[in-house]
Amino acid sequence: MVRLSTLLFVILFVQNIRSQEIKGKLVNEKNDPVEGAYIYNISTEKHTHSNELGFFKIDGNNLGDTLKIGALGYGKLSYMLHKNDFSKTITLKLLEEQFKLDEVVIRPELNGLNVISAIDLKTTPVKSTQELLRQVPGLIIGQHAGGGKAEQMFLRGFDIDHGTDIAVSVDGMPVNMVSHAHGQGYADLHFVIPETLDNIDFGKGPYYAGKGNFSTAAYVDFNTKENIDNSLVRFEYGDFNWLRTLGMFNLVDSDTDKAYIATELTQFDGAFESPQNFSRLNIFGKYTTLLKDASKLSLTASHFTSTWDASGQIPQRAVDSGLITRFGSIDDTEGGTTSRSNLNASLLKIIDENTFVKTNAYYSNYQFELYSNFTFFLDDPVNGDQIRQKEERNIFGFNSEINKKIAFDNAEGVLKVGAGFRFDNIDDVELSHTVNRYETLENIQLGDIDETNSFIYSSFDYKNGKWTIIPGLRLDYFKFQYGDKLQDTYTNTAETKVFASPKFNVLYSSNENLQFFLKSGIGFHSNDSRVVIEDNDKDILPAAYGVDLGTIIKPTSKLFVNATAWFLYLEQEFVYVGDAGIVEPSGQTRRLGLDLGVRYQLNDWLFFNTDATYTKARSVEEAKGEDYIPLAPDFTMTGGLSILNLKSFSGGIKYRFIDDRPANEDNSIVAEGYFVTDLNANYNLTKNLTLGMAIENLFDTEWNETQFATESRLQDETESVEEIHFTPGTPFFIKGSLTYNF
């Protein structure tokens, strides 16, 4: 009888724990949560992924089943389920190891292509501020003002200028500047110290409910590290008086509290005959603490300041005639100064096992002063056409989003609801005609701007079997105010606008190695407040309509491929004419193209990557042959080879290519393309000491980094000429580094 009772008890116990749900949390060696890990039950073939907090749930488990767990940059883990695992939340620790491409799985999420940037950050770590944006597949950048100005960007057939059609943020804090003194959407990332970067979240197209203004071509969210593995000091020295000193110091590193500080000083003269005298100082600090309920609070503070001189964009005819060299100048008094101070508080609050809230509140103080001369002596043959663009602004804002997981009988969903606001208070937005920086001849524009953007959005990720359907809707409210200080009487006029952005996306995930997607949505980019007021509610928030159809596939364990066909239509594009202080509407446009990306691991230490984009970009309202979009690239390609930890050696070779492209509407003026190759290498002399070398433009290619079709007049000319004006790209440039870790 006792044996029979025992047997019945065992049978009932086993039946009770059969097909039960397992709850778990994944952490690394520092007890930080591991997001995006793949959890797979070998017996039932069911799978799931860990969320932002490292938590996961997987149902249909039986006693004795084995879970296979893998995450990018961590060793694979096998875990056999025990009887106690069914009654508690299990915590599993993953150990970091050398990156392997076979650990990558394709997640059934709208931003599944983020795995590309995760791969690239593991294989080609970012070493400079310019490389931050180059981590976005297909994004080409160029600098044309002495190193201190925000980079010009090209993506998906857009000359994005400094950020008109790409939304950029850091730790939830917006980088783009609305109604900026130099250009709408101006996105200066130079306040970010590259070594503090942890991951990049990006998405192309207007398909994401959580992204609003400027996210027509793409959005890019940078996230900084919560802690650093060790303290370090780095010293770099190179050609053209390159000097960079970096310090990163661990202040607190416990299971519940982490804090570090980083500081950087960079100086550079460049290859120009008139030295750039570029100098940038950065300081960044971050503190993170785990609260009693496992919620997480992060506080960051940063400051950067930069000054520089510039040789400007020079006319091709001046070089051809021998008046100046490629690295000479017509007006070498260009340049500027800028600074930004940031405070940001982020809270990841756990409500229950199915619900959490992400919130951040931020404040920025920003100052900017830029001197430029695009046309030389076209408008003022005596004093020249130098202009000053200047502003000071304070930015206040917050973002909050609740994530709730909802279970159905045979499906599950994640509801996301978010809201927030951003307020820009901009004093003395100025455009003036100057001489030699110091003398002001005329104030062309001067005024104060207040611009408010409040928003609310919602999306629902509904997963049923191999299908994921994601509808979404976003509502934005804008208020534009401008007080013109050049008027005899006080003026402060305002305009308001509301914009609705619906989204609808469908994913089909055949397995963890194959996904198809169809993305669709409406987005927008805003106009400058000064133009909004002047035009009386015209072209304030023109819409962008987009569709992406593509696939992500791992045909073998060592090969990752993504391909996308896409279409984007804009109701109105803007061209900002900085020297005139106006925004010119350039009409409706359409773009269609193909994106292709490949990541391949040749062996344990050698990786290959490439991204190519072909685009046909045209104006809708112009006659054929006169419908080219100036500076819109039709073909770009980036890629390279990377070596990881080969007997204390690491390094890589990278290339970027942009094809010839039209510089004006009828393609009669052409901006020449280029192919540039860079090289880097690092060798660990000891456990704590690393010697590095980097070469930009390895083959000393003669190339133009940025180009514009500009009408200008030199001092000895009687007539103006429209032709290519360019900033020469860096010639062969080598620099070395020494890093000490402690």
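The analysis underlying the following values was restricted to heavy atoms, covering all of them including side chains, and did not include hydrogens, waters or symmetry mates.
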Inset, instruction - Can you measure from CD1 (Ile160) to CE (Met153) and round to the nearest 0.5 angstrom? - result: 6.0 Å
Inset, instruction - Assert yes or no for the condition that the ring centre distance of Tyr655 to Phe657 is strictly below 6.0 Å. - result: no
Legend entry - Reported CG-to-CD1 distance for the pair Asp528 and Ile449, which is rounded to 0.5 angstrom: 5.5 Å
Inset, instruction - Could you tell me whether the side chain of Asp380 reaches within less than 4.5 Å of the side chain of His433, counting heavy atoms only? - result: yes
Legend entry - Donor-acceptor pair, side chain of Ser529 and main chain of Ser179, under 3.5 angstrom: no
Inset, instruction - Scan side-chain atoms only and decide if Asn704 and Glu672 contain a donor-acceptor pair under the 3.5 Å cut-off. - result: no
Inset, instruction - Would you mind checking if Arg234 and Glu195 are paired as a salt bridge, meaning a charged N to carboxylate O distance below 4.0 Å? - result: yes
Inset, instruction - Would you indicate whether Glu702, at its atom CD, is surrounded by more than 12 heavy atoms from other residues, nucleotides or ligands within a distance under 6.0 Å? - result: no
Inset, instruction - State plainly whether the residues Asp188 and Lys149 are in salt-bridge range, i.e. N to O under 4.0 Å. - result: no
Legend entry - Nearest-0.5 Å distance, OH of residue Tyr363 to CD1 of residue Ile395: 9.5 Å
Legend entry - Side-chain donor-acceptor pair present, Lys654, Thr677, cut-off under 3.5 Å: no
Legend entry - Derivation of the side chain to side chain contact (heavy atoms under 4.5 Å, CB included) call for Asn114 and Ile200: CA-CA 7 Å; Asn114 279 344; Ile200 301 174; over 6 Å; no
Inset, instruction - Please name the residue in the list Glu717, Glu723, Arg317, Gln313 that meets the side-chain contact (heavy atoms from CB on, under 4.5 Å) test with Ser712. - result: Arg317
Legend entry - Ionic contact status for Glu430 with Arg530, cut-off 4.0 Å: no
Inset, instruction - Output yes when Arg437 and Asp309 qualify as a salt bridge under the 4.0 Å nitrogen-oxygen rule, no when they do not. - result: yes
Inset, instruction - Establish, yes or no, whether a centroid distance under 6.0 Å links the rings of Phe327 and Phe240. - result: no
Inset, instruction - Start with the C-alpha distance between Asp595 and Lys204, add both sets of side-chain angles, then the distance that settles salt bridge (Lys or Arg N to Asp or Glu O under 4.0 Å), and finish with yes or no. - result: CA-CA 11 Å; Asp595 291 350; Lys204 297 180 183 179; 3.6 Å; yes
Inset, instruction - Would you please indicate if the ring centroids of Tyr674 and Trp703 are separated by under 6.0 Å? - result: yes
Legend entry - Pairing of Lys735 and Glu696 as salt bridge, 4.0 angstrom limit: yes
Inset, instruction - Give a yes or no on whether the ring-centroid distance for Tyr186 and His162 is below 6.0 angstrom. - result: yes
Legend entry - Side-chain ion pair, Asp424 and Arg393, N-O less than 4.0 Å: yes
Legend entry - Phe222 and Leu132, any side-chain heavy atoms less than 4.5 Å apart: yes
Legend entry - Heavy-atom check, side chain of Ile324 versus side chain of Val319, under 4.5 Å: yes
Legend entry - Test item: Ile653 and Leu698 side chains (from C-beta on) under 4.5 Å apart, heavy atoms: yes
Inset, instruction - Establish, from distance only, whether the side-chain atoms of Glu273 and Thr325 form a donor-acceptor pair under 3.5 Å. - result: yes
Legend entry - Check: Phe191 ring centre within less than 6.0 Å of Tyr366 ring centre: no
Legend entry - Close side-chain approach of Arg422 and Tyr362, heavy atoms under 4.5 Å: yes
Inset, instruction - Output the distance between atom CZ (Phe202) and atom CD (Gln135), rounded to the nearest 0.5 Å. - result: 10.5 Å
Inset, instruction - Assign the ring pair Phe368 / His182 to parallel, tilted or perpendicular, where the plane angle (0 to 90°) is split at 30° and 60°. - result: tilted
Inset, instruction - Please name the residue in the list Asn360, Asp221, Asn223 that meets the side chain to side chain donor-acceptor pair (under 3.5 Å) test with Ser169. - result: Asp221
Legend entry - Donor-acceptor under 3.5 Å (Thr613 side chain, Arg156 main chain): no
Legend entry - Name of the residue among Ile116, Asp198, Leu197 meeting side-chain contact (heavy atoms from CB on, under 4.5 Å) with Leu121: Leu197
Inset, instruction - Using the six-membered ring of Phe158, assess whether NZ or CZ of Arg591 lies under 6.0 Å from its centre and within 45 degrees of the ring axis. - result: yes
Inset, instruction - Before accepting this row, confirm whether a basic side-chain N of the pair Arg661/Asp659 lies closer than 4.0 Å to the acidic partner's carboxylate O. - result: no
Inset, instruction - Check whether the side chains of Ser432 and Asn443 place a donor and an acceptor atom closer than 3.5 Å, and report yes or no. - result: yes
Inset, instruction - Give me the ring orientation class for Phe524 and Phe478: parallel if the planes are under 30° apart, tilted from 30 to 60°, perpendicular past 60°. - result: perpendicular
Inset, instruction - May I ask you to check whether Thr307 and Thr337 show a side-chain donor-acceptor distance below 3.5 Å? - result: no
Inset, instruction - Using atom types as modelled and distance alone, determine if a side-chain donor or acceptor of Thr164 lies under 3.5 Å from a backbone N or O of Asp161. - result: no
Legend entry - Separation between CD of Gln316 and CD1 of Ile724, rounded to the nearest 0.5 Å: 8.0 Å
Legend entry - Under 3.5 Å side-chain donor-acceptor pair for Arg340 and Ser306: no
Inset, instruction - Verify the distance criterion only: is there a donor paired with an acceptor across the side chains of Glu705 and Thr727 at less than 3.5 Å? - result: no
Legend entry - Heavy atoms from other residues, nucleotides or ligands near CD of Gln367 exceed 12 (cutoff 6.0 Å): yes
Inset, instruction - Output the distance between atom OG1 (Thr710) and atom CD1 (Ile314), rounded to the nearest 0.5 Å. - result: 12.0 Å
Inset, instruction - Answer with yes or no whether the side chains of Asn342 and Ser302 bring together a donor and an acceptor at under 3.5 Å. - result: yes
Legend entry - Any side-chain donor near an acceptor of the partner, Thr375 and Asp385, under 3.5 Å: yes
Legend entry - Polar contact flag, side-chain donor to acceptor under 3.5 angstrom, Thr440-Arg388: yes
